[in-house]
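All values below come from the heavy atoms of this structure, side chains included, with hydrogens, waters and symmetry mates left out. Every chain is numbered from 1, with letters handed out A, B, ... down the list of sequences.
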Amino acid sequence: MTNHHRSEISLHVNGVTHRLGVDNRTTLLDTLRENLGHTGPKKGCDHGQCGACTVLLDGRRVVSCLTLAVAAEGAEVTTVEGLAGDGELLPLQQAFIRFDGFQCGYCTSGQLCSAVGMLAEHAAGWPSSVTADVSPDGPTPVLDAAEVRERMSGNLCRCGAYPSIVRAVLETEAAG
Amino acid sequence: MKEFAYQRAADIRDALIAGGGGARYLAGGTNLVDLMKEGVEAPTRLIDVRRLPLDGISEAADGALVIGATTTNSDLAAHPEVRRRYPALSQAVLAGASGQLRNMATVGGNLLQRTRCAYFAAQECNKRVPGTGCPAIAGAHHNHAILGWTRSCVATHASDMAVALTAFDAIVRYETLDGAGEIPLSEFYPPVGDTPHVETALPPGALITAVVLPGAAASPRSRYRKVRERASYAFATVSIAAAFTEGSVRIALGGVASRPWRCRTAEAFLLDSPGSFRAAAEAELSAAEPLPGNGYKVTLARNLIETVLKELQP
């Protein structure tokens with residue numbers, strides 16, 4: 001007899017397809033960490049309030065703690081483990097090291113995935129809540145410290161490494 | 001979390017057949033999944049409508065902008081025509097949640113999100129189980145309603161988007177197995193009365209398919225401003241959407257009532273006395289009934305109306 005509370009799914013994570021059975025209640029975060037060994041995404045609040053579990057879903061940043069694994073079937077999931085290609089760290093990751101964009105490191109994987117998504121959003125011309133004029137006919141908002149802080153406000157750092165995180169993101173943006 | 005069956009809807013009809021009863025439609029899940037974790041929501045079936053072809057924004061022949069129900073908050077806020085013609089809507093969406101949540105959340109889901117009253121999340125109350133009382137009225141209510149509330153419930157509606165949509169006279173389109181329907185957003189959220197658990201005017205099992213922004217409401221001279229307890233990523237204490245259109249001004253407040261509060265009294269006042277922003281705000285807020293802990297919202301709302309209209313006036 002079929003168990004309607006479980007599903008057989010395919011998850012595409014960092015370019016690899018996994019077949020697995022999950023309880024429908026399982027979040028993408030728990031599946032990544034407990035079933036697939038991707039412990040980069042961290043469980044901070046488990047309620048979408050801290051951003052430590054941020055991953056990219058089809059290139060867009062989302063919180064994996066409020067994403068059900070069954071609902072992520074068919075999407076391309078990128079965790080912090082998948083950001084660097086061939087062991088070469090992204091300029092963003094190198095900037096986090098150079099500017100000391102962390103202390104305990106618990107929020108870092110979420111900060112990195114979020115920043116990758118955020119930079120793509122900015123490059124696509126998306127305004128933010130601190131953008132003075134949201135009109136599409138004006139100049140593209142310059143990514144300054146205020147813009148970075150607003151756009152990254154979904155990622156908390158309880159060590160308070162924000163100044164270094166903002167600097168690392170700005171340096172990455174400036175280096176193009 | 002209680003166990004549930006999950007299915008992806010193949011099309012709208014498939015979703016409607018599976019909907020109703022103990023089922024819930026799942027789109028972004030940012031509120032629903034969280035409430036399921038808390039035990040506030042316990043659906044027996046989740047009908048995933050996220051991949052239905054209900055996303056995208058298009059212009060109707062009459063100049064209206066039709067926003068598909070599964071359009072993400074991010075895509076809505078970034079859309080050129082929204083930013084050009086309804087900038088207050090773009091600003092309202094951008095003022096809500098975080099970048100991650102806006103990428104997940106959808107327009108239809110946003111309208112159906114539940115209150116963030118801490119008592120509602122933590123225990124039984126009239127909104128969850130009728131007849132169990134409202135702990136907030138005698139409790140911690142500094143973030144609660146000042147307008148339109150009753151002894152049954154003093155919770156506020158959490159959406160920023162819906163405040164701007166209310167100012168622009170948006171219309172909600174839905175489908176049921178009996179056919180399609182429309183509800184103006186001004187009638188979408190019924191008055192609290194003694195039924196705070198009845199949160200929308202949607203028929204049972206209905207699926208929101210789109211939100212329509214009337215072309216006549218377009219206002220490049222519109223703005224959303226949100227006051228909150230930290231600079232970003234927090235719910236409103238009080239917020240305002242204001243728009244000047246040909247011969248009229250539109251005002252809606254957030255964070256003050258169980259629904260976005262359209263300021264019809266202030267709007268009518270300004271038709272008779274253009275420019276009398278403070279007096280109009282005071283006329284609107286003469287109906288306010290603050291509790292001991294949230295009287296600050298009356299002052300805040302009055303000042304927001306006056307300041308934003310002054311800045312925005314042609």
Q: What part of A/T67 gets within 4.5 angstrom of chain B, counting heavy atoms only: side chain, backbone, both, or neither?
A: both

Q: Given the options B/A97, B/A5, B/A78, which has more heavy-atom pairs under 4.5 Å with chain A than any of the others?
A: B/A5

Q: Heavy-atom distances under 4.5 Å only: say whether A/E121 touches chain B with side chain, backbone, both or neither.
A: side chain

Q: To the closest 0.5 Å, what do you measure between CD (A/E73) and CG (B/D48)?
A: 10.5 Å

Q: Does any N or O in the side chain of B/N103 come within less than 3.5 Å of the main-chain N or O of A/R61, such that one atom is a donor and the other an acceptor?
A: yes

Q: Give a yes or no on whether A/R158 atom CZ has more than 12 heavy-atom contacts from other residues, nucleotides or ligands under 6.0 Å away.
A: no

Q: Working to the nearest 0.5 angstrom, can you tell me the gap between A/R25 CZ and B/K37 NZ?
A: 12.5 Å

Q: B/P80 and A/P136: which non-hydrogen atoms are nearest, and at how many Å?
A: O-CG, 3.4 Å

Q: Between A/V134 and B/Q91, which heavy-atom pair has the shortest distance, and what is it?
A: CG1-CG, 3.9 Å

Q: Checking B/R84 against chain A: side chain, backbone, both or neither under 4.5 Å from a heavy atom?
A: both

Q: Could you tell me which non-hydrogen atom of A/L68 sits nearest to which non-hydrogen atom of B/F4, and how far apart they are?
A: CD1-CZ, 4.0 Å

Q: Indicate the atoms forming the closest heavy-atom contact of B/D75 with A/W126, along with that distance.
A: OD1-CZ2, 4.0 Å

Q: How long is the gap from SG on A/C50 to OH on B/Y233, to the nearest 0.5 Å?
A: 7.5 Å

Q: Would you mind telling me which of B/E38, B/R230, B/M104, B/Q100 has the largest number of heavy-atom pairs within less than 4.5 Å of chain A?
A: B/Q100

Q: Among A/T54, A/V63, A/T27, A/V70, which residue has the highest count of heavy-atom pairs closer than 4.5 Å to chain B?
A: A/V70

Q: Which heavy atom of A/D23 sits nearest to which heavy atom of B/E3, and what is that distance?
A: OD2-OE2, 4.4 Å

Q: With a 4.5 angstrom heavy-atom cut-off, is it the side chain or the backbone of B/K226 that approaches chain A, or both, or neither?
A: neither

Q: If you count heavy-atom pairs within less than 4.5 Å of chain B, which of A/C113, A/G117, A/G74, A/S128 leads?
A: A/S128

Q: Could you tell me the separation between the NE2 atom of A/H5 and the OH atom of B/Y6, rounded to the nearest 0.5 Å?
A: 15.0 Å

Q: Side chain, backbone, both or neither: which part of A/D133 has a heavy atom under 4.5 Å from chain B?
A: neither

Q: Where on B/A77 is there a heavy atom nearer than 4.5 Å to chain A: the side chain, the backbone, both, or neither?
A: backbone

Q: Rounded at 0.5 Å granularity, tell me how far CG in A/L66 sits from CG in B/L32.
A: 10.0 Å

Q: Closest approach of B/S232 and A/S153, non-hydrogen atoms and distance?
A: OG-OG, 2.7 Å

Q: Just verifying a value: how many Å separate A/E150 CD and B/L94 CG, rounded to the nearest 0.5 Å?
A: 8.0 Å

Q: Which of the residues A/A71, A/C65, A/S135, A/A124 is involved in the greatest number of heavy-atom pairs with chain B at under 4.5 angstrom?
A: A/A71

Q: Between B/R85 and chain A, which part of the residue has a heavy atom less than 4.5 Å away: side chain, backbone, both or neither?
A: neither

Q: Select, from B/Q7, B/R51, B/M36, the one with the greatest count of heavy-atom pairs under 4.5 Å involving chain A.
A: B/R51

